[in-house]
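What follows is a single structure, written as structure tokens, with notes after it.
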Protein chains: 2
Amino acid sequence: MAASITDVARRAEVSTATVSRALRGLPNVSEATRERVLRAAEELQYSVSPHASRLASGRTGTVGVILPFVNRWFYSQVVAGIDSVLRANDLDVLLYNLGDERVHERFFARMPLRRRVDALIVLNLPLSAAECEALVSMDVPTAVLGTRIPGCWHVSIDNAEGASTAVRHLINLGHRRIGMITGALGDPRGFTTPIVRQHAYRTVLAQAGVAYDPDLEVPGHLEIEAAASAMAKLLSLPDPPTAVFAESDQMAFGALRTLTRMGLRAPDDVSVIGFDDHEAAELLDLTTVAQPVAHQGELLARQILDALSGASEEPTRVVVPTRLVVRGTTGAARVARSLYHISSPRPGPEPDQHSRTTAR
Amino acid sequence: MAASITDVARRAEVSTATVSRALRGLPNVSEATRERVLRAAEELQYSVSPHASRLASGRTGTVGVILPFVNRWFYSQVVAGIDSVLRANDLDVLLYNLGDERVHERFFARMPLRRRVDALIVLNLPLSAAECEALVSMDVPTAVLGTRIPGCWHVSIDNAEGASTAVRHLINLGHRRIGMITGALGDPRGFTTPIVRQHAYRTVLAQAGVAYDPDLEVPGHLEIEAAASAMAKLLSLPDPPTAVFAESDQMAFGALRTLTRMGLRAPDDVSVIGFDDHEAAELLDLTTVAQPVAHQGELLARQILDALSGASEEPTRVVVPTRLVVRGTTGAARVARSLYHISSPRPGPEPDQHSRTTAR
DNA sequence: AAAAACCATGTACACGTTTACATCAGTCCC
DNA sequence: GGGACTGATGTAAACGTGTACATGGTTTTT
């Protein structure tokens, strides 16, 4: 039905080899014939069969992306970034959503990407050692976001720096009693991000001369509900925090909801800071540490392009900066007071007078 | 390097044809040889080359999805739904993000999906007549979300019903002065959704005996900023509305932000209702008309499976129901009053006493 | 018991490209 | 002016699978 390369060759009165060369812009084709071929292809509405092309050339023109979620904000942003640059270079993106445990296992059992992709991008997926090895054994250039795999290209943010910034922001506002809602620390597969952020939190507090209090660290499991409970727990302490650092905006949203439901407000009663700059953060006026999400996707894709073109032999590692975005949920600390015994008059600046500008 | 079908055939001491049949579970293979083949394949870590397979069989095992955004909540949800059911049936999903005007044009100029996919899913993409024809000319089963293309499978929500429900909800709460923030009505390519929703709004108002006031309809262009301005415009009317129906949650968020910035609150000063049940709607406690987003993706995928398997010859059309989710941004209307001259005492129930249960 | 039907298996070609190699006509250089 | 080179083009062999058809053996039918 559809025109094939032989049809074009016949019409242009050349061989299929010449058609192939002409269409792909290879050298050693005279301008005259190239034009003739192009016209013939146009007239026949010809387009190459990718399968035949890939079978013959051995290149798949496809890069696989494996990730734990497609429908969460963070991942969809990253994928959009990857997609835009790969698409511009005529590469297809094949998404593998390994969020479901069974799908994950099946993926590594069957390795459906073997011989199917020219390169691989792994987004923030906790992998066992065996699984890493399985990926490496595919022997294609691989770029990894977040976690780290030896021999692979790498993009990440400086989590320690970002978390430190968040906590320092609270310290600088005068807070000393600072809680943290942590991520999934216990994941056996070893997400390192929560650990790094927690470590930064402890370090900054120590530097500020604040004594460590384990009660102020509550797990939020990266989810809104769990974070809401965590916040409730913090607020029910004998000596509740005046500020809370949630390890992700998602969790900060949960914390804010608890606050609202308890009739409290940020930052009047408790300051809250998140991490990510989720799209909803602006809506909720959440102070947060922003990371350039789509940009990280673009960087990963660029690394893949470099690897594929052979431009750069050795895998590189890129660390992108985070930036503090001050909005309305953090404010100067009041002098020590219980949540339940409002001290008056209130010292310190009114929260509304606090800077709400966005640091760029 | 990787094992091919001939290697497996050699090891199992059969022909490649038998290997092919055994591996795909076709009939006319004895149990003994099938097992032998399976074992050989296992031992050699064999996996079929999809390109060769597709070239030979003519089936691509791929369905193309074209959409205007990958990174917006709505679309990423739908894609997740599509992905889950197609993946389970060993079909690949090839995403084409046509949001950018240039990408869109290039897509229809080059038609890169021709001979590349077994089926097509079109998500809510406004298309010119010529573009529709181009898609239809690909001659593959096509499922469309939202808009409608003759001869294609179809999934949508009942926009008229959903919008009517939203407006009736406000009417039932006693509101009579009801504004609407509309979507991109002027798009030349003809998104029909905004028109339908606007029509429903007018109809319900008319049924309730409320006179039509063009000032109360303000375009929000499906964006948060535009919607925020629209809300500002509504509130600056000589006789501002006591309730506002925003055609999407996104726009409702913009409206709420304006409210907050003006020091007003929902529903105390103005009731706000949205449409979609965006994931952030719960966070902001926004009353809205929910549509099952991921579910629509699953339905589209199922239609494609039906079409591909030949189970159902004629394209079907599925309309999925919406449901009202009452949260905290809508409340009973007060008696007529200006925003700037608070009437007291306040009649009607206090907003906090209003039902905040979620209708299921 | 012969004919027919059936089943397991093999043979061989098609699918539509890419590409190594061959060919051939010019061009260059001393 | 003849070899050496260059550039345009053609030839033909992969690439790895699916599948129509052929083959030969076994079972069923009459």
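A quick note: this is a predicted structure, and the numbers were derived from the prediction, not measured. Here is the naming used below: chain letters follow the sequence lines, and residue numbers restart at 1 for every chain.
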Please test Val318(A) against His154(A) for side-chain contact (heavy atoms from CB on, under 4.5 Å), starting from the C-alpha separation and ending with a verdict.
-> CA-CA 6 Å; Val318(A) 182; His154(A) 196 81; over 6 Å; no
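- Contact annotation: Arg21(A) side-chain N/O to dA8(D) OP1/OP2 distance is not under 4.0 Å.
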Give the C-alpha distance, both sets of side-chain angles, the deciding distance and a yes or no for salt bridge (charged side-chain N to carboxylate O under 4.0 Å, His left out) between Glu105(B) and Arg102(B).
-> CA-CA 5 Å; Glu105(B) 278 169 19; Arg102(B) 286 204 0 252; over 6 Å; no
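- Within 3.5 Å, no donor on the side chain of Arg115(A) pairs with an acceptor on the base of dG16(D), nor the reverse.
- Looking at every heavy atom in both residues, Gly58(A) comes nearest to Asp118(A) through O-OD1, 4.5 Å.
- Taking side-chain N and O atoms only, Thr16(B) has no distance below 4.0 Å to OP1 or OP2 of dG10(C).
- No donor-acceptor contact under 3.5 Å links the side chain of Arg59(B) to the base of dG18(D).
- As judged by a 4.0 angstrom heavy-atom cut-off over every strand, Ser20(B) is placed among the base-contacting residues.
- Judged by a 6.0 Å distance limit and a 45° cone about the ring axis, Arg11(B) is not positioned over the six-membered ring of Tyr46(B).
- Residue-level contact check: Arg54(B) touches neither bases nor backbone, having no heavy atom under 4.0 Å from any strand.
- One interatomic measurement links the two molecules: CZ of Arg116(A) to C1' of dC15(D), which rounds to 16 Å at whole-angstrom precision.
- Residue Thr6(A) is out of contact with every strand shown, counting any heavy-atom pair closer than 4.0 Å.
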